[in-house]
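Here is the structure we will look at.
As the structure is a prediction and not an experimental result, all values here were calculated from the model.
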Amino acid sequence: MASDPQQHTLSSLGKVGKSSGEIGSVEEPLINGGVHGSENYSVVAAILPFLFPALGGLLYGYDIGATSCATISIVSATLSGISWYDLSSVEIGLITSGSLYGALIGSVLAFNVADFLGRRRELLAAALLYFVGALITALAPDFPIMVIGRFVYGIGIGLAMHAAPMYIAETAPSKIRGRLISLKEFFIVLGMVGGYGIGSLLVDTVAGWRYMYGASTPLAVIMGIGMWWLPASPRWLLLRAIQGKGNMQELRETAVGCLYRLRGPAFGDSAPEQVDEILTELAYVGDEKEATLSEMFKGKCLKALTIGAGLVLFQQITGQPSVLYYAGSILQVISLFLLGSYYLFLDDVPVVAVVALLLYVGCYQLSFGPIGWLMISEIFPLRLRGRGLSIAVLVNFGANALVTFAFSPLKALLGAAILFYIFGAIAVASLVFIFFVVPETKGLTLEEIEAKCL
């Protein structure tokens with residue numbers, strides 16, 4: 001049974017008016033106080049809600065690594081194990097980019113179904129699509145079926161890259177939220193390494209490409225089982241409650257139970273108090289109003305959309321490190337100009353290109369790569385987070401597809417030196433964008449970010 005203060009909070013929530021500042025007798029949000037400041041959690045309990053969603057990133061990275069080797073295997077007359085190995089460059093391109101175009105479809109789907117399904121069920125759907133897509137690709141009897149498999153797998157990528165950062169952000173303790181979301185990028189890179197490794201072992205095996213793609217199915221099963229076991233996001237449940245999409249008391253009690261499971265025994269008896277704090281803060285910032293499409297381009301969400309879409313756009317067209325790592329940022333800008341200088345002036349010193357490339361990739365992976373995903377998972381108001389993040393993910397994969405498509409023609413038209421100098425100039429522009437537009441979110445709860453930064 002809820003205590004008197006908790007009953008008072010819930011009754012106050014029922015009095016929420018049209019103004020986002022009206023919460024019954026509560027005049028100020030619990031933004032500067034409350035449970036989260038001394039938030040306790042069990043490390044084991046907190047890691048598992050990160051680990052299973054992060055497998056979605058690992059499977060995305062694995063696909064990139066495995067495909068690079070699979071396209072070598074599948075066109076070999078002796079090793080492909082198929083009669084339709086004589087594929088054109090366009091057909092090879094469809095195999096390579098099929099999952100990317102599927103991811104674009106997944107991003108569009110997420111815009112419409114994310115808030116209805118919830119983060120956990122969206123990740124369950126992603127795991128199922130990963131499994132089915134990998135199986136279809138591995139067993140494909142002909143080229144069209146293989147492309148279908150690549151698209152299905154890609155839809156899983158789109159859903160996973162949309163839901164995983166949201167689920168991690170909404171379930172992780174504030175103290176380690178940034179670290180965990182950033183580690184998701186590490187899982188993507190780890191997946192790439194795994195894909196390259198397994199691919200290199202199987203590239204000389206007859207029909208090795210089938211095994212490369214099939215090897216991802218056990219991980220998809222593990223991801224699905226893990227997401228089935230994990231609880232729903234408490235913040236998503238509370239959003240449903242405050243928007244009248246279920247019984248308030250039942251959803252609140254479910255959220256308390258989910259929060260306790262996510263934090264473990266170390267959380268003690270703080271779950272009901274924190275749930276009521278989150279409810280009050282959601283009402284204060286106006287999350288009791290259901291999101292509409294037009295709101296995506298107004299007020300707070302427009303600002304969040306500008307930040308999120310801008311970051312992932314610059315992330316894709318430059319790989320530029322983010323505002324939280326100025327040192328890495330300066331180095332990577334330097335590395336892009338070194339690459340340009342190598343092609344223009346230093347053709348006889350290939351070590352310069354190697355050093356520049358290592359600087360570029362290293363700076364990206366320690367900063368802009370993970371921080372871009374972190375920011376887009378934090379910056380959107382809760383009631384608009386599902387749709388906002390789907391737009392950001394759509395921009396991410398759209399820019400990825402555009403850069404992938406345009407790189408070779410631009411290199412042929414302008415030359416490698418000029419192209420890399422252009423990338424360097426864009427990277428400088430991204431620094432200006434980050435400095436003036438992107439806020440600091442370190443140490444803030446998701447509700448505080450919405451109240452203070454937007």
Side-chain angles (χ1 to χ4, degrees), residues 55-106 126-161 187-224 361 397 400-409 411-412:
L55 288 179
L58 189 142
L59 285 164
Y60 171 38
Y62 177 85
D63 183 70
I64 295 172
T67 297
S68 67
C69 298
T71 51
I72 297 173
S73 170
I74 201 168
V75 296
S76 169
T78 56
L79 296 174
S80 64
I82 53 176
S83 58
W84 41 277
Y85 64 87
D86 189 18
L87 300 174
S88 68
S89 59
V90 173
E91 289 171 327
I92 291 295
L94 277 173
I95 292 174
T96 303
S97 61
S99 61
L100 181 60
Y101 295 120
L104 288 170
I105 296 171
L128 178 62
L129 288 164
Y130 274 140
F131 178 81
V132 173
L135 211 58
I136 292 174
T137 305
L139 301 176
D142 52 40
F143 174 75
I145 298 298
M146 185 179 186
V147 172
I148 290 172
R150 301 291 292 137
F151 268 74
V152 172
Y153 193 95
I155 296 172
I157 291 174
L159 294 180
M161 293 298 97
F187 269 63
I188 296 176
V189 177
L190 186 65
M192 291 182 192
V193 174
Y196 288 127
I198 292 176
S200 63
L201 291 175
L202 295 172
V203 74
D204 292 325
T205 304
V206 175
W209 62 272
R210 295 189 185 275
Y211 302 112
M212 294 176 203
Y213 285 119
S216 63
T217 54
L219 280 176
V221 171
I222 293 171
M223 177 185 171
V361 174
F397 285 116
N400 188 334
L402 181 63
V403 171
T404 301
F405 173 79
F407 183 84
S408 292
K411 185 179 176 182

Checking the side chain of [X] only, and the main-chain atoms of [Y] only, is there a donor and an acceptor separated by less than 3.5 Å?
X: Ser97; Y: Leu100; value: no
X: Trp209; Y: Leu79; value: no
X: Ser216; Y: Tyr213; value: yes
X: Arg210; Y: Ser80; value: no

Under the side chain to side chain contact (heavy atoms under 4.5 Å, CB included) criterion, do Tyr60 and Phe187 qualify, and how do the steps go? CA-CA 9 Å; Tyr60 171 38; Phe187 269 63; over 6 Å; no

Which heavy atom of [X] sits nearest a heavy atom of [Y], and at what distance?
X: Ser99; Y: Ile157; result: CB-CD1, 4.0 Å
X: Phe131; Y: Ala220; result: N-CB, 3.8 Å
X: Val206; Y: Thr78; result: CG2-O, 4.2 Å
X: Thr67; Y: Ile95; result: CG2-O, 4.3 Å
X: Ile74; Y: Tyr85; result: O-CB, 3.3 Å
X: Ser73; Y: Thr205; result: OG-O, 4.5 Å

Quick one: pull up [atom1] in [X] and [atom2] in [Y] and give me the separation to the nearest 0.5 Å.
X: Ser88; Y: Leu94; atom1: OG; atom2: CG; result: 8.0 Å
X: Ile82; Y: Ser76; atom1: CD1; atom2: OG; result: 9.5 Å
X: Met146; Y: Leu87; atom1: CE; atom2: CG; result: 8.0 Å
X: Ile64; Y: Thr96; atom1: CD1; atom2: OG1; result: 11.5 Å

Is [Y] close to [X] at the side-chain level, that is, under 4.5 Å between some pair of heavy atoms?
X: Val203; Y: Met212; value: yes
X: Leu58; Y: Met223; value: no
X: Tyr153; Y: Leu59; value: yes

Arg150 and Asp63: CA distance, side-chain angles, deciding distance, side chain to side chain contact (heavy atoms under 4.5 Å, CB included) verdict: CA-CA 10 Å; Arg150 301 291 292 137; Asp63 183 70; 2.6 Å; yes

Going through the checks in order, is the side chain to side chain contact (heavy atoms under 4.5 Å, CB included) test met by Val147 and Phe151? CA-CA 6 Å; Val147 172; Phe151 268 74; 3.7 Å; yes

Walk me through whether Leu219 and Tyr62 qualify under side chain to side chain contact (heavy atoms under 4.5 Å, CB included). CA-CA 10 Å; Leu219 280 176; Tyr62 177 85; 5.8 Å; no

